[in-house]
J.: 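Take a look at this one; I'll ask things after.
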Amino acid sequence: MSSKKESNTAKTKSPEVKKPDGKLPGKGDHIFLVDGSGYIFRAYHALPPLTRKSDGLPVGAVSGFCNMLYKLLQDTKDEFEPTHLAVIFDHSGKSFRNELYADYKAHRPPAPEDLVPQFALIRDAVRAFDVPSIEMEGFEADDLIATYACQAAANGARVTIVSSDKDLMQLVNGNIDMLDTMKLKAIGPAEVEEKFGVGPDKVVDVQALAGDSVDNVPGVPGIGIKTAALLINEYGDLDTLLERAGEIKQKKRRENLIEFADQARISRDLVRLKQDVPVTVGLEEMDIKTPDPVKLIGFLKDMEFTTLTKRVASELGVEADEVPAAGEHPADAPVIVEAKGPTERGGAPGAVSPSVEAPIDPDAYETVTEPGALKAWLKEAKDQGFMALDTETDSLDAMAARLVGVSIATRPGKACYIPLQHGSGEGLDFDGNGTPEQISLDEALGLLKPVLEDPAVLKIGQNLKYDLQVLKRHGIDVAPIDDTMLMSYALDAGLHGHGMDELSKLHLGHEPIPFKEIAGSGKSQITFDQVPIPKATRYAAEDADVTLRLYMILKPRLVAEKKITVYETLERPLVPVLVDMEHEGVKIDRQVLSRLSGEFSQKMGAYEEEIYELAGEEFNIGSPKQLGEILYDKKGLSGGRKTKTGAWSTDAAALEELAAQGHELPQRILDWRGLSKLKSTYTDALPEYINKETGRVHTSYSMASTTTGRLASSEPNLQNIPVRTEDGRRIRTAFIAEKGMKLISADYSQIELRLVAHIAGVKELKDAFADGLDIHAMTASEIFNVPIKGMEPSVRRRAKAINFGIIYGISAFGLANQLGISRSEAGDYIDLYFKRFPGIRDYMESTKESAHKNGFVETIFGRKIHLPEINSKNGARRSFMERAAINAPIQGSAADIIRRAMIHMAGALSRVDLKARMLLQVHDELIFEAPEKETEKTCKLVCDVMSKAAEPAIALSVPLDVEANAADNWDEAH
DNA sequence: GTGTGGCA
DNA sequence: TGCCACAC
């Protein structure tokens, strides 16, 4: 141990002090386990908000944490002679306790916005101190601490838990104590007894009875810590107490103990810490090491903690000025430290600070063809904790694409391309020596996998969902990730698109090499594996380089513009969820579709004959131009409208008008059109999308193509499968469950109207939803002043149209069209509606006003939707944007809620061990495939997760009702 | 109001 | 490219 002390005062870094000695703590050793999460919150709340001077990055909690950790290391050194130390964090997301009790910690508000980005920085700080930073998915820090404490104590070591969390007091015994560094107070068995009225071994029983409002542990009503201690001291333990509860004299207390016995037992399971977590980091890895001065001081300097930097430097005997600022944060973010202006350039010589502005030069990229070279790139990524990543494939279909190559960027301007399957096509010979030189696919994947799956290496990409999909099919589960496309979306939805080329031009002023230029276009287009490797390197490595540069611009903006929570809660975590859904696909019955297709063509043939007969000639029914001429010019039907291009309008509304006049031809055209659409778009097109390997259809969801936050589905679009007409619904019967499985469809009832009630604060609507009333009938009754009982269906229909109109930012014009009434009549309806629900008019007016003033609106979760043309001089255009402004918070909030539900769902299902897979999302509906035997349980869980999806971020003033049904096909389940 | 896709 | 039709 004395040698340790010497190394603690070593003057410079040397190889041996960095090397862990790997000694397992035993007799005579003293291990310190720091409750990192507790530390973070105390640091955050105890200190005034502090931001980094150069760029405003919030670093208050980081500063407090570093000071505490440093002080701990200093203060304890002489007093306790610690030999081992680790900092243990909660893993984000839920723990196994939510499985026991869904509401566990449900009252916890989300972390403050300016604290969120500091979590990763604090983990970096721990690493900079060369202290192990430990966390595990599914477990809380307390359980890890309990496991390590017991292991070490069993081995004869002394243990000190650095925390003031009362939940950890159950662990205290002769070998284990606690230290509250804030109050500089040691907590031993006596202190525990003072707090709980019982010894540490009975703390769990007392907590089980008393409950905990902070963690939402239910306990037994009417029993606090005092009473609980009294009872436990009298009866010995919880089980005996509950068995003999009948003996208790006080009536209410007796009744509650009997009624809530099970709840007390669940509470005990919640508070009892797990001591057998399958930890992956061993105690021997916690031996105290002297930090590497370059790493530690580099980090502190980068954070701009001047005082602490000086203190640490003098302690380590290093000149702080000689150490460059880290310039980036391992495992999290290469944050730009330098200022933008050219005058700020030319800092300390040798300081390597990545610059987004260094010119982009495709000739500078490296082609990696040797395993050794790949290893070097990956080592750099691992050492710095991040890399930009891009994959090249031979197809745009992620479920069919072959991986052709991978590109990596580690710094702006420093990027490489690793060709993997070039030239495998026939007759290709790029260098005249047979196939191109490249690392074999298997060897490259073997090298890439540990880094791409390393939780300490951040993978940065542009639309990474695609790359994740491809790599998943090659056995690699990439994590953690950051996505520049989604960052741009969280920041700038509505302002512009979020594709790489567009972002590059916009933010970097650089136009990336167009794909066309290397692969050609049209008929002569080649796939990427056929592109000569030098050309491929220029293109592929540039994409990784550009992505990294975009990241360095967009990531700080998320913090500065307070969109980090939107990104972290609604964008980033959805990526792996969608990867799984797309990967899973949905089963489609080919026979059903082909039968329908035949049936539809037969019917269409019959209609065609009839149509030609009525028209007096044969023509292309599918051509609006020809059709208009036949109907209006030839047949001379009246009342035709012209489109803005001057052609006759032949849309459904126009044809329906003609049909209503008693003409037969337009009705037949409508019938024909309906079938034609069903046949071409669905029955004929869908089978083409059945994947050869999986036999299922894998749609692709785009996360950043709507302005409001909705997803969009394409190739094929499974969000517009017919449901309205009988013929259309038959297409849904082709979507089926695997044998032994069922499809479950769960949808939100009236979610957008509920959000209107919540956002606009309309009491009558909120009450109606709370009471489960028929909302359209209720609206009709209110505005037309008729009783709900015995209401005419047409009256309810009108109210329903108005309700929809509200969601869309109603205009008299639109409502008139919808209901087939005059504009003035529609205007009267709207007036009536607003008179009855003035809150909605107020909401619309204030939304428009703020949209005009700010140029954007927001959802209830803070998602921003920009409306750059809201102040357009063109009146029609402006009105259009105003309606979009009214609709966006409603549609967008609903989209946010279902995104949250999807993100929560994956964990919720696996926690209770249900095998169901989420397959599809259709805006307010989620479709699952579940084992027949689990359908009931799955329906319940799905409804539960969906209806609570807004919590705990938002407390909605309306309930979110969800309906779920199971069946063999989608039509019956819906 | 928000999308995707087929067709001329 | 515009029109039309399907979904929520």
Side-chain angles (χ1 to χ4, degrees), chain A residues 493-494 619-629 641-656 669-686 688-689 699-725 727-729 731-732 745 747-753 755-756 803-811 813-815 817-818 844 847 857 859 865 867 879-895 897-898 920-927 970 974:
Chain A
F619 66 102
N620 186 342
I621 308 171
S623 160
K625 183 164 163 282
Q626 291 184 33
L627 177 62
E629 283 161 11
R641 289 175 286 115
K642 294 274 181 107
T643 65
K644 57 182 164 192
T645 48
W648 289 108
S649 170
T650 65
D651 64 14
L655 296 182
E656 272 160 20
I669 306 267
L670 281 168
D671 297 338
W672 181 91
R673 263 195 195 161
L675 290 174
S676 160
K677 163 83 180 174
L678 292 178
K679 184 166 146 54
S680 66
T681 316
Y682 303 107
T683 60
D684 290 354
L686 277 176
E688 300 295 313
Y689 287 103
T699 183
S700 169
Y701 288 101
S702 120
M703 292 180 66
S705 67
T706 70
T707 49
T708 54
R710 270 193 181 181
L711 299 181
S713 154
S714 65
E715 292 171 86
N717 181 358
L718 297 184
Q719 290 181 322
N720 70 342
I721 304 300
V723 71
R724 248 183 49 250
T725 64
D727 275 336
R729 271 214 307 281
I731 291 167
R732 291 196 175 215
S745 158
D747 68 307
Y748 284 109
S749 148
Q750 305 285 359
I751 187 168
E752 294 192 346
L753 216 44
L755 286 168
V756 171
N803 278 334
F804 269 96
I806 295 300
I807 294 167
Y808 297 158
I810 207 152
S811 72
F813 178 80
L815 185 62
N817 265 342
Q818 183 66 38
M844 292 184 162
T847 303
V857 292
T859 68
I865 295 118
L867 300 148
S879 297
F880 179 79
M881 296 314 295
E882 284 173 351
R883 290 195 290 277
I886 291 166
N887 171 260
I890 303 165
Q891 190 182 111
S893 299
I897 286 174
I898 198 161
L920 302 174
Q921 189 250 43
V922 192
H923 309 311
D924 66 355
E925 175 187 16
L926 293 173
I927 289 115
W970 191 6
H974 186 70

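Each chain gets a letter, A, B and so on, in the order the sequences are listed, and its residues count up from 1. Computed from a prediction, not measured in an experiment: that's the story for all the values here.
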J.: Any non-hydrogen side-chain atom of A:Thr683 less than 4.5 Å from a side-chain atom of A:Leu678?
T.: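 A:Thr683 does not reach A:Leu678 side chain to side chain.
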J.: Pick out which of A:Ile806, A:Ile886, A:Ile751 makes a side-chain contact (heavy atoms from CB on, under 4.5 Å) with A:Val756.
T.: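 Running side-chain contact (heavy atoms from CB on, under 4.5 Å) over A:Ile806, A:Ile886, A:Ile751 with A:Val756 returns exactly one hit, A:Ile806.
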J.: Using a 3.5 Å distance criterion without hydrogens, assess whether the side chain of A:Ser680 forms a donor-acceptor pair with backbone atoms of A:Ser676.
T.: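 At least one qualifying donor-acceptor pair exists.
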J.: Is any side-chain heavy atom of A:Leu711 closer than 4.5 Å to one of A:Thr706?
T.: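 A side-chain contact under 4.5 Å is absent here.
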J.: Does the side chain of A:Arg883 come within less than 4.5 Å of A:Tyr808's, by heavy atoms?
T.: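 No, every pair of side-chain atoms sits at 4.5 Å or beyond.
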J.: Reckon A:Ser705 touches a base, only the sugar-phosphate, or nothing at all at heavy-atom distances under 4.0 Å?
T.: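 Sugar-phosphate contact only.
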J.: A:Ile731 CD1 to B:dT4 C1': how many Å, rounded?
T.: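 Taking atom C1' of B:dT4 as the reference, CD1 of A:Ile731 is at 15 Å.
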J.: Please tell me if the side chains of A:Ile865 and A:Gln891 come closer than 4.5 Å, counting only heavy atoms from C-beta onward.
T.: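 Result no, sub-4.5 Å side-chain heavy-atom pair not found.
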J.: What integer distance in Å separates A:Tyr689:OH from B:dG6:C1'?
T.: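 In whole Å, B:dG6 C1' lies 10 Å from A:Tyr689 OH.
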J.: If you measure from CG on A:Leu718 to OH on A:Tyr701, what distance do you get to the nearest 0.5 Å?
T.: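 Reported to 0.5 Å precision, the distance equals 6.0 Å.
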J.: Pick base, sugar-phosphate or nothing for A:Phe880, based on heavy-atom distances below 4.0 Å to the nucleic acid.
T.: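 Here A:Phe880 touches the backbone only, sparing every base.
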J.: What does the 5'-to-3' dot-bracket notation of DNA chain C look like when only Watson-Crick and G-U wobble pairs under 3.5 Å count, and pairs to other strands show as |?
T.: ||||||||
J.: For A:Glu925, which residues count as a side-chain hydrogen bond (donor to acceptor under 3.5 Å, both in side chains) partner, sequence neighbours excluded?
T.: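 By the side-chain hydrogen bond (donor to acceptor under 3.5 Å, both in side chains) rule, A:Glu925 matches A:Ser745, A:Trp970, A:His974.
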J.: Would you mind building the protein contact string for nucleotides 3-8 of chain C? One character per nucleotide, 5' to 3', B for base within reach (heavy atoms under 4.0 Å), S for sugar-phosphate only, - for untouched.
T.: SSBBSB
J.: Measure from the side-chain heavy atoms of A:Asn887 and tell me the nearest of B:dT4, B:dG6, B:dT2.
T.: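 Nearest nucleotide to the side chain: B:dT2.
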